[in-house]
Amino acid sequence: MKVVTGSEMQELDKVVINFLGISAEVLMERAGLGVAEKILSYYPLERYRKVLIICGPGNNGGDGMVCARHLWDMDYEVKVLLLCKKEKYKGEALINLKILENLNLSLEEIKDLSVFKNLLYSYFPDILVDAIFGTGLKRSVEGVFKEVIEEINTYKEKKEAKVVAVDIPSGVCAETGQILGTAVKADLTVTFELPKVGHFFYPGKEYVGKLEIVPIGFPKKIIEEKGPKREYLDLNWAKIVFKPRRGYTHKGTFGHVVILAGSRGKSGAGALCALGALKGGAGLVTLASTKSLQKIYSSMIPEVLTAGFEENDKGEISYKNLMKILEIVKNKSVLVIGPGLGLSEEVKNLFFDLIPRLEIPLVIDADALTHLSENPEILKNYRAPKIITPHPGEAVRLLKVSKDEIMRDRLESAKRLSQLTDAIVVLKGPHSIVYSPDGRCGISSIDEPGLSQGGQGDILSGLIGAFIAQGYDSFIGTSLAVYLHGEAGKYLSKTLGPFGYTATEVAETVPKILKELKNDRS
C-alpha cells in the first residue's frame, strides 16, 4: 500500500477523473457512502442516534453531504450545518446539497460561533462528523472555521460525543502532520483509497484516532503506475519482499558482516549490533574492536568472530590500524561502522581516511554519524551502496538545521539527507522513514514507544547489515530490517508490557517475526 501527500492524492484524482473518465460525482458518492458505513460499523444505532455533520465549502463538505444522506437512510437522526452560504457551493458538492434539499433534510447555515453553539447544544448530537476541510488545506485555520473546530473539541470532551473526520481531521496538514493553527480531535478518521502522510506523523497522528481506509473506485494498476514510490512498510509489504530460504545453503550463502564498533565504556553497542546481525540471519559476523574488548565480546556472543586492534589512551581503535581494518573488510559483504566507536579526533581521522578506501556496502550509525556530519558530502563519491541511520538529533548535525525544522517535515528532512549524501537514509522515530536517492521511500507502520531506549539503534544497524549481506536490494533490505525491528518491539509490547523490554529482547524476538513471514510464504 502506498502512502501519499494531499497534493499527490489530488493528482491521482485528476488521472481517475480526466484520464479514465470516472466522474467526480461517482467518487464523491462512494466516499460519502464509505464514511457512513464505517460510522454504522463503529457507532451502531442501538447506542448512537443523533448525528451532526459540519460541512465546509469544498469537496470535503460534499463528501459530508453524501454521508448525511446515507446515514439518514440508515435511520440515524441527521442534521447538516453549512459553514458557508449555499450559493458558494459548486460542482458535485452543489449537486449533493440540492439532493439534501429535495429530501428535506435539516440544513442550517452557520454565520458565526454563537449560531453554531446554539444549534450544537440544543441538538446534543451523539456523533459529530467533521467534513470541514480535506487534504488540500495548506494554510492556518482562521475565523469562524477555527472557532467551530475548537468548539467541536470542547463539546467532545464535555459530552463524551464521538467525532468522525472525513479524509483527515480538519486542520491537520496532509503533507506533514503539522497542525495548521488548530485541528479537530477525531475518534475515527475515514480516508479514501490511500493513507496520507499526515495520518502518521506527529502531532497530527494524535488527532486522527482510529484510521480506516475505504476504496472508492481507483484501479489498483493506476495507483501502482501513477502513484508515488512511497510504500507503507507493514506485514503485507513484508510478505511480498521477504525471500524464504530454500534448497542447499551454507553460512557463506548468507554473507559476512563486519562490524567496526565499541570502545571503553561503550562496549555494549558493538555487542548489540553483532547480535542484531546474527538474529537477522547473516551467515558470518565479525565484530572488530579494540584488543581489550576482544575477549569480552568472544565470551558475550560466542557465535561471532572477533578482531582486536591497538587502542589509544581513550580506549578507542587507534588510527594506526587503518591498513589492518582494510585487510579485514576485504571481500566481505558489508561493513557496519559506528556503534560505540568513539568521538575523538583520532577516530574521526580514521573514519574519514577509511571511507575513500572502501569498496563494499556500508552502514553508518551512531558515533560515525557524528563524524560524518563534518563532511557528509564525502559519501557522494562512494560507489557501493551506503546507508545512514540518523535519529532526529543526528539529522540536526548532518543538515545543520534546528530540530524543529527536522520534525516540521520529516519526509522532506529524509529526502534532504539522501540528497546531501547520495545514501539511503533511515530517519528513525515513530513511523521511521526510509528514503533512497532514486526516490523510493518507505514509511514504517510501527509507532512503538517502548523502542525508545538505548541500544535499539545498534540492533537496527546490525539487522540492516544482515539483510544487505544476504543479497537483498539495499533499499528493500534496509526497509525490511526497519519493519522487523519495529514489529519485534510491537510483539514485546503486547506480550511483556508497553515498555521496559530491552534491545537484546528485541533482537531475540526477530526470528519469531521471521517465522510469521516464512509461514505466510510457505
Side-chain angles (χ1 to χ4, degrees), residues 231 233-235 237-261 270-288 301 303-305 328-339 358-365 382-389 423-426 432 434 436 438 440 442 444 457-488 506-522:
E231 300 288 342
L233 307 181
D234 62 357
L235 177 61
W237 174 86
K239 288 178 186 177
I240 294 169
V241 302
F242 177 65
K243 296 185 287 190
R245 296 183 176 184
R246 295 188 176 95
Y248 174 75
T249 63
H250 53 84
K251 61 188 177 184
T253 308
F254 304 113
H256 192 153
V257 179
V258 178
I259 298 168
L260 194 63
L272 289 170
C273 186
L275 184 62
L278 286 169
K279 294 297 183 178
L284 289 167
V285 178
T286 293
L287 181 46
I301 314 176
E303 295 89 350
V304 300
L305 305 171
I328 282 178
V329 302
K330 190 175 181 180
N331 298 322
K332 301 303 189 296
S333 306
V334 60
L335 172 65
V336 182
I337 182 171
L358 294 170
E359 297 179 345
I360 63 173
L362 188 61
V363 181
I364 301 175
D365 186 28
Y382 196 85
R383 294 187 178 182
K386 60 264 189 185
I387 299 98
I388 64 173
T389 62
I424 292 170
V425 173
V426 180
S432 292
V434 185
S436 174
D438 63 11
R440 286 182 293 173
S444 171
D458 304 318
I459 297 295
L460 177 59
S461 59
L463 281 170
I464 294 171
F467 285 100
I468 300 301
Q470 291 170 74
Y472 279 82
D473 166 85
S474 52
F475 172 78
I476 297 296
T478 300
S479 300
L480 186 56
V482 168
Y483 167 77
L484 288 166
H485 179 262
E487 194 66 26
V506 169
E508 290 172 345
T509 304
V510 167
K512 291 185 175 69
I513 311 303
L514 288 168
K515 182 181 178 182
E516 291 179 13
L517 295 181
K518 177 181 181 297
N519 290 342
D520 285 330
R521 293 293 301 275
S522 297

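Excluded from the calculations below are hydrogen atoms, water molecules and symmetry mates; all remaining heavy atoms, backbone and side chain alike, are included.
The minimum heavy-atom distance between Gly280 and Leu463, with the atom names listed, is CA-CD2, 3.6 Å. Here the closest non-hydrogen pair linking Phe475 and Gly442 is CZ-N, 3.7 Å. Counting all heavy atoms, side chain and backbone alike, Ile360 lies closest to Leu335 at CD1-N, 3.6 Å. The nearest pair of heavy atoms linking Gln470 to Ala282 is NE2-N, 4.0 Å. Taking both residues in full, the closest heavy atoms of Gly281 and Phe254 are given as O-CB, 3.6 Å, listed atom of the first, atom of the second, then distance. Between Ser444 and Val482, the shortest heavy-atom contact is CB-CG1, 4.0 Å.
Side-chain N or O atoms of Ser461 include one that pairs as donor or acceptor with a backbone N or O of Asp458 at under 3.5 Å. Panel note: side chain Tyr472, backbone Lys243; a donor-acceptor pair is recorded below 3.5 Å. Using modelled atom types, no side-chain atom of Glu487 and backbone atom of Leu235 make a donor-acceptor pair closer than 3.5 Å.
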Side chain to side chain contact (heavy atoms under 4.5 Å, CB included) between Arg440 and Asp473, worked out: CA-CA 12 Å; Arg440 286 182 293 173; Asp473 166 85; 3.1 Å; yes
Candidate pair Val285 and Glu303, rule side chain to side chain contact (heavy atoms under 4.5 Å, CB included), full reasoning: CA-CA 8 Å; Val285 178; Glu303 295 89 350; over 6 Å; no
Working for side chain to side chain contact (heavy atoms under 4.5 Å, CB included), residues Ile364 and Lys386: CA-CA 8 Å; Ile364 301 175; Lys386 60 264 189 185; 5.6 Å; no
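Here CD1 of Ile240 is found 8.5 Å from CG of Asp234. Values are rounded to the nearest 0.5 Å. With rounding to the nearest 0.5 Å, the separation of NZ in Lys279 from CG in Leu514 is 10.5 Å. One distance of note links CG of Leu284 with OG of Ser333; it measures 8.5 Å at 0.5 Å rounding. Atom CG of Leu233 is separated from atom CD1 of Ile476 by 8.5 Å, given to the nearest 0.5 angstrom. Summarising the geometry, atom OH belonging to Tyr248 is positioned 7.5 Å from atom OG1 belonging to Thr253; distances are rounded to the nearest 0.5 Å. Between the CZ atom in Phe242 and the CG atom in Leu484 there is a gap of 8.0 Å [rounded to 0.5 Å].
The side-chain heavy atoms of Ile468 and Ile387, taken from C-beta on, include a pair separated by under 4.5 Å.
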